[in-house]
Structure formats: C-alpha cells, structure tokens
Amino acid sequence: MIGWLAAPLPRPPEPMLSVLNTLTERLQLALEQAFPAAVGLLDPQLAAASKPEFGDFQANGALALAKSLRQPPRAVAEAIVARLADDPIVDALCLPPQIAGPGFINLTLRPQALVAQVAERLVDPRLGVPLEAAQAAVIVDFSSPNIAKEMHVGHLRSTIIGDCLARILEFRGQPVLRLNHVGDWGTQFGMLITHLKQVAPAALSTADAVDLGDLVVFYRQAKQRFDNDEAFQATARQEVVKLQGGDPLSLKAWGLLCDQSRREFEAIYKRLAIDIKERGESFYNPYLEAVLADLQTAGLLVRDDGAECVFLEGVSGKEGKPLPVIVRKSDGGYNYATTDLAAIRYRFAPPPAGDGARRLIYVTDAGQASHFAGVFQVARRAGWIPEGGRLEHVPFGLVQGEDGKKLKTRSGDTVRLKDLLDGAVERADADLRRRLAEEGRAESEEFIQQVASTVGLAAVKYADLSQNRTTNYQFSFDRMLALQGNTAPYLLYAVVRIAGIARKGGDLDSAGDGAPAEDGDGMPGRLTNAGELQFSEPQEWALVRHLLGFDAVIAEVEEELLPNRLCTYLFELSQVFNRFYDQVPVLKAPAEARGSRLALCRLTADTLKLGLGLLGIPTLERM
RNA sequence: GGGGCUGUAGCUCAGCCGGAUAGAGCGACGGUUUCCUAAACCGUAGGUCGUGGGUUCGAGUCCCGCCAGCCCCGCCA
C-alpha cells in the first residue's frame with residue numbers, strides 16, 4: 001500500500017515558504033522510497049527555479065545522487081519523478097514534474113495553488129511572514145557616534161543598516177534592544193576636558209557656554225596637542241583616570257558635554273526615524289573592575305610592559321608573538337577593549353545585573369573586524385557567552401566619493417551627516433520643483449517640502465541598503481536620486497501609481513480583503529475568496545509569483561543580515577508591477593478581471609509599503 | 001612581515017548550501033503615449049568572472065599559489 005502518501009486533503013493554502021518546505025518533505029520521501037539503500041545521503045536540493053521557464057522550483061538532488069549510485073542522472077531523476085507522480089500532495093500543488101537538462105526536476109505550481117496563496121496573503125497583514133515565538137532579547141549595537149563630535153559620514157552606514165536589521169528582527173517577533181554605544185568615556189574626553197580647562201573653562205561648568213561647532217574645533221585642537229605634546233598627553237590621560245574614578249568636577253564637565261551632543265544626535269535620529277536607546281561606554285564603568293577580576297579568575301590576565309593583557313590564541317603579530325588585547329593601560333586607565341568586554345559580559349548576563357540577551361549584533365565598519373574577533377575570543381574564553389548565545393560582528397565597507405576615495409568635502413574635511421542629508425533633500429526639492437514647472441502642476445509648499453524630504457532621505461537610505469554591505473560603497477547623489485533604476489524614487493513611484501489607481505476609482509481597500517460582499521452593490525473589485533480571483537495574462541502571473549516570494553526573502557535577510565536582498569526583491573517587484581501596469585488595464589479591464597487586478601494592485605502596494613517600511617523608508621500617495 | 005576585505009559588461013553593482021546559455025541598473029543605440037502619472041514600457045549592443053593550478057558529473061561560487069587595491073596589527077575608538 002501507499003501508506004506514506006496518506007495525508008489530509010484538501011490542504012489549506014500556505015505561504016510560499018511553507019510550500020517549499022512541503023515539497024522538500026515530499027521529495028525527501030520520494031527519494032527514500034526510490035533509493036532505500038542510500039538513506040542518509042539523500043538531499044532533494046529543492047530551490048526556487050533559476051529561470052521562469054523552469055517553473056517555480058527546481059530540485060538538483062538527482063545529479064548529486066547519480067555519482068554515488070553509479071546510475072545516469074536522468075534515470076535517477078525519472079525514478080524520483082515516478083514516485084512524485086503518485087503523491088496526491090504534490091499533485092495538488094504542482095503540474096506533473098518535468099525532467100530537464102542533465103537531470104534537474106522542475107516543478108511548476110498549479111494556477112489554483114497560486115491563486116489560493118494570493119487569497120491568503122490578501123487577508124494577512126503579515127503577508128505570509130510567520131511570527132516567531134518570543135525568545136530572549138537580541139541586541140543590535142549600531143550608530144555609536146562620539147560625544148563632543150558631530151555625526152558624520154562615518155556613522156551613516158551603521159545607523160541605516162543597524163536600524164534596518166533591528167526592524168526586520170522585530171517584525172519577525174524578536175524582542176530587540178537597540179543600543180547606541182556612544183563614545184562618551186575614552187581618552188578623547190581627557191584630551192577635551194584638559195584643553196577646555198585651559199582655553200574655555202566656562203564650557204565645563206555652564207551649559208551651552210559654547211556651541212557644538214566650537215566644541216568640534218576645540219576637540220580638533222585638543223587632538224593635535226595630544227599627538228604633539230607629551231606633557232599634555234600625560235595630563236589628558238590623568239584626566240581620564242579622574243573621570244573614570246568619579247571625580248565630581250570632571251563628571252560635571254562631562255555631563256554638560258554629553259547633554260549638548262545628545263540633542264544634536266537626537267535631531268538626526270528624529271529626522272531619519274531611527275529608534276535607538278543611548279547607553280554609552282560610561283554605562284559600563286562600574287563593571288570594568290569585574291571584567292579584570294573575571295579574567296584574572298579565568299587565568300587569562302598577563303602583565304606585559306606595565307599593561308594588563310590577554311594574549312590571543314591563533315593570532316600572532318610580529319615575530320610570531322601572540323597579539324594582546326590590552327584591558328588596562330600602564331597608566332591604570334581602561335580602554336575601549338575593556339569597555340567592549342564589559343558590554344558583552346553585561347548584555348549576556350541575566351537581569352537585573354544584565355540584559356539577558358541571547359544574541360549580540362555589532363554593526364560597525366569592517367576595519368574593526370580584528371578588534372571584535374579579539375574581543376569576542378576573550379569573552380568566549382572568559383565564559384561570558386551562555387549556551388546557545390550568538391555574538392556577531394556585522395561589518396560594512398567604507399563610504400567613498402565618486403573618485404573612489406574616502407568621502408571628503410571639497411576642502412578635505414569630514415562630511416557632516418547633517419550636510420549629507422540636507423544635500424539629498426535639496427536635490428530632491430530642486431528636482432521636484434523643476435518637474436512641477438515642466439508639467440504645469442501646482443502644489444502647496446507643504447506638499448513640496450514633504451515629498452522632497454521623504455524622497456531625499458529615502459534615497460540616502462536605499463542607496464546604502466541596496467548594496468551588499470561588505471563592499472565599499474560609492475556615494476553619489478545623482479545615482480541615488482535617479483528616477484529610474486534600482487533607486488528609492490523608482491520604488492516610491494510604483495506605490496504612487498497604485499495610489500493613483502485608487503484615487504481614480506479603484507476600490508483597493510475592499511479588493512479581496514475577505515470582508516463579506518454586500519449583495520448587489522455592484523462595487524467593482526470586491527472579491528471575497530479565492531474562487532473569485534482569476535488571472536489570465538502572463539503579466540498577472542508574473543506579478544503573482546513575485547508577490548508570493550516576500551516571506552522567503554524576509555527569512556533570508558533575517559538569517560544572512562543582508563538588507564540588499566530585500567532591496568533587490570522590492571526593485572524587481574516594482575519592475576514586474578510596472579510591466580503589468582503598462583501592459584494590462586486595471587480600471588478599464590473587463591468586469592470579470594477588474595477585481596482580481598485591483599487585488600493584485602493592493603497586494604503589491606501592501607508588499608512594497610511593508611518592505612520599504614522594514615528598510616526604514618516611508619512611502620507617499622503622490623509625488 | 002602577519003591578518004582581513006575586495007577584484008564580475010564602459011560605469012555602479014547582483015549573483016542566496018557548487019547547478020541549466022553569468023544577471024540588473026546606468027550610460028550607448030533604436031522603438032512605444034487617443035488609455036489608470038512616459039518618474040513608465042519594449043528591443044539591440046556590450047563578459048578570458050584579476051591570474052595560474054587543483055577538487056568535482058558540474059566552479060564566478062570550494063582549496064592552494066600569484067598579482068592589484070583598500071583596511072587592521074600594544075596601551076585611540
């Protein structure tokens with residue numbers, strides 16, 4: 001008998017990811033039936049088809065099996081397909097499997113199966129993305145500007161990528177703690193306070209005695225003195241020790257400087273809609289001694305040249321000597337490695353003396369890779385990482401100018417983040433006004449500013465996120481604001497087009513929303529169940545197939561932490577939609593097709609809005 | 001010297017556990033608008049995947065060597 005085929009039918013519609021899983025299970029069973037002797041090394045290798053002509057899924061497993069079975073690949077594939085042909089679950093989902101090329105098995109979903117899934121998506125606000133059971137917190141450590149300095153281009157990628165990853169993890173149901181590990185405690189502070197004591201003591205005792213711009217100048221001066229003046233250097237180092245030791249005057253000066261910087265940071269975060277909790281390096285000050293104590297207990301601490309070090313395993317420096325992580329400087333001060341270790345220790349530790357996290361994600365530039373590798377190793381050897389705890393550095397490349405070099409202003413200074421955002425918004429503004437003039441459109445000043453701001457900031461975010469983060473990123477206002485191509489304006493325009501259909505009489509809100517139809521209301525586009533959805537044009541099917549891929553993309557981004565995968569998906573969705581929009585009428589469609597097309601429009605808009613939202617980009621109704 | 005990242009079309013980049021004829025955008029060239037916003041759509045041209053070996057039924061993808069660029073390598077973060 002065929003007991004292994006016994007399964008409940010009909011099966012409910014499921015999102016694509018589940019279809020993939022279901023088909024993988026059925027293929028696995030077919031493999032085990034066809035080749036019982038080879039159980040253990042059977043893998044269907046089912047994946048999305050690489051080309052539309054191959055259907056929806058392709059199984060590559062037969063090819064791998066052929067060798068070990070010493071059979072021709074096509075014969076292996078035929079044996080698998082013969083089993084699949086008897087499987088009612090597969091048959092309910094797919095057309096008869098096809099063998100192609102050297103031995104690929106191609107699966108094409110039945111139209112009814114696709115329609116059923118569209119119907120399910122239409123009534124699911126999560127668009128098929130499952131909500132994971134809540135577990136312990138995930139900490140995303142990103143942005144991390146320095147107090148007494150303005151945010152600059154170096155903070156751009158961390159801020160945008162970190163925010164996006166946090167949004168995606170949250171959407172999946174993870175409790176996410178977004179932490180801003182601001183630089184508020186290091187040697188830089190000693191430098192600045194020492195310098196201010198001499199040139200502008202008022203700044204240390206009176207709030208806002210100097211503005212942030214001046215503070216940046218003072219900081220630069222202090223840095224210069226620190227690099228060139230040994231006496232100043234010694235004084236500055238002592239200042240750090242005093243601060244870290246809790247000296248009241250130093251603490252007060254420090255507090256004033258922090259408040260001032262914080263307001264500037266908050267303005268940028270508000271503008272970019274970044275939600276982040278400040279928890280600077282200073283927060284971990286009370287835990288630094290415990291770090292040393294733990295390392296001592298673990299037998300890792302070594303005094304070398306007056307400094308307390310942990311020597312790394314498997315990492316040798318010059319002359320083959322192991323590389324140290326310095327946790328206490330010879331002057332008694334702690335440095336960033338100590339703070340980073342204290343942070344890891346605290347974040348994994350159970351409450352109330354810790355965050356009880358199970359996963360830490362650090363979004364910083366790739367240049368810090370070896371620093372984190374070292375710190376992570378020390379944390380592991382110190383025993384601070386709990387069972388199953390994950391510690392990940394998510395690196396990204398440099399922001400470069402169009403000349404391929406590190407982005408600088410014309411005068412060679414670091415580009416301020418505020419200026420960068422202003423630049424994008426100004427260009428979007430000028431572009432919009434020119435377009436309005438050309439088209440003879442009249443819009444309110446409020447509309448223009450709103451659109452310019454949304455488009456400009458979206459362009460900056462999208463350009464960054466749409467590139468694989470591991471490579472350096474070439475910053476170009478012209479490219480990111482281009483109206484065609486893989487850009488934010490192109491995607492936003494697709495959403496606007498759908499909103500236009502709604503304004504012109506398309507009832508998107510009720511199209512396929514599952515609400516009971518009012519008898520005889522004659523409302524076009526109102527569909528209530530899968531049975532009423534119907535598609536005929538290839539452009540419709542292409543859109544259907546693309547829409548159903550959303551859940552798989554989100555799962556992939558969550559796993560790989562690569563937002564550019566989501567960007568590619570959304571760009572392609574926009575392209576497929578624009579083709580549909582161009583070649584298939586919606587509002588002027590025959591009555592029997594109109595509702596289904598409106599439903600596709602609504603699902604496209606919902607998918608784009610949700611996807612862009614996960615990138616941190618709001619959409620517009622008109623632009 | 002050691003370590004890391006990168007090298008794919010003229011330019012900017014994708015390429016998801018190794019899978020079918022390596023993709024996209026821009027730029028170039030040529031088309032499309034009585035019709036829901038042409039910010040669009042359709043088409044053409046363009047590649048020794050840095051290079052030399054190796055593993056494999058199959059390599060842009062994995063391993064080794066080499067070349068080039070960028071970054072890091074004890075008291076900055």
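Reckoned from all heavy atoms, side chains included, excluding hydrogens, waters and symmetry mates. Just so you know, these numbers come straight off a predicted model, no measurement behind them. Lettering of chains follows the sequences in order, A, B, ..., and the numbering in each one begins at 1.
Under the 6.0 Å cut-off for aromatic ring centres, Y362(A) and H181(A) do not qualify, their centroids lying 6.0 Å or more apart. Between H546(A) and F580(A), the distance separating the two ring centers is not shorter than 6.0 angstrom.
Stacking between Y490(A) and A39(B) is absent: the ring centroid is not both under 5.5 Å from the six-membered base ring centre and under 30° in plane angle. A20(B) has its base stacked against the ring of F104(A), the centroids being under 5.5 angstrom apart at an interplanar angle below 30°.
Taking 4.0 angstrom as the limit, R479(A) places none of its side-chain polar atoms (N or O) nearer than this to OP1 or OP2 of G27(B). One finds no side-chain N or O of N60(A) lying less than 4.0 angstrom from the OP1 or OP2 phosphate oxygen of G58(B). Distances shorter than 4.0 Å separate some side-chain N or O of K51(A) from OP1 or OP2 on G23(B). Taking side-chain N and O atoms only, Q484(A) has no distance below 4.0 Å to OP1 or OP2 of A39(B). For G25(B), the OP1/OP2 oxygens have a side-chain nitrogen or oxygen of Q575(A) closer than 4.0 Å. Checking the phosphate oxygens (OP1, OP2) of C36(B), no side-chain nitrogen or oxygen of R597(A) falls inside 4.0 Å. Within the 4.0 Å cut-off from OP1 or OP2 of C42(B), at least one side-chain nitrogen or oxygen of R579(A) is found. For the pair R497(A) and A39(B), the criterion of a side-chain N or O lying under 4.0 Å from OP1 or OP2 is not met. In this structure, T471(A) reaches the A14(B) phosphate: one of its side-chain N or O atoms is under 4.0 Å from OP1 or OP2.
Nucleotide C42(B) holds its C1' atom 12 Å from the CD atom of Q539(A), rounded to whole Å. Between N486(A) atom CG and G23(B) atom P there is a gap of 18 Å when expressed in whole angstrom units. Distance, L398(A) CG to G69(B) C1': 12 Å, rounded to whole Å. Rounding to whole angstrom units, CD of residue Q400(A) and P of U6(B) are separated by 14 Å. The distance between atom CG of D227(A) and atom C1' of A77(B), rounded to the nearest whole Å, is 14 Å. The CG atom of D340(A) sits 15 Å away from the P atom of C76(B) (whole-angstrom rounding). In this structure, CZ of R157(A) is placed 16 Å from P of C71(B), rounded to the nearest angstrom. When rounded to the nearest whole Å, the span between CD of Q368(A) and P of C76(B) equals 16 Å.
Judged by closest nucleotide on RNA chain B, G61(A) is the one of I326(A) and G61(A) placed further toward the 5' end.
Residue contacts for P489(A): at a heavy-atom cut-off of 4.0 Å it reaches no nucleic acid atom on any strand shown. R434(A) comes within contact range of no nucleotide atom at all, as no heavy-atom separation falls under 4.0 Å. Heavy atoms of N106(A) sit under 4.0 angstrom from at least one base atom. Here G183(A) lies out of heavy-atom contact (under 4.0 Å) with every strand. Among the heavy atoms of the strands lying under 4.0 Å from A100(A) is at least one base atom, whether or not backbone atoms are also near. N468(A) comes within contact range of the sugar-phosphate backbone alone, with a heavy-atom separation under 4.0 Å but no base atom that close. Using a 4.0 Å heavy-atom criterion, one finds that R435(A) contacts the bases of the nucleic acid, with or without backbone contacts as well. Using a 4.0 Å heavy-atom distance criterion, E572(A) is classed as making no nucleic acid contact.
The base of A77(B) has none of its N or O atoms less than 3.5 Å from a complementary donor or acceptor on the side chain of D184(A). For A77(B), its base never sits under 3.5 Å from the side chain of Q188(A) at any donor and acceptor pair.
Looking at Q58(A) and S50(A), their side chains do bring a donor and an acceptor atom within 3.5 Å of each other.
Within the cation-pi definition used here (under 6.0 Å to the ring centroid, within 45° of the axis), R497(A) does not qualify as a partner of F577(A).
Between D365(A) and R157(A) there is no salt bridge, since no side-chain N of the basic residue sits under 4.0 Å from a carboxylate O of the acidic one. Salt bridge D431(A)/R427(A): absent, no basic N to carboxylate O contact under 4.0 Å.
Remark: of the listed residues L292(A), V240(A), L341(A), L292(A) is the sole one forming a side chain to side chain contact (heavy atoms under 4.5 Å, CB included) with Y334(A).
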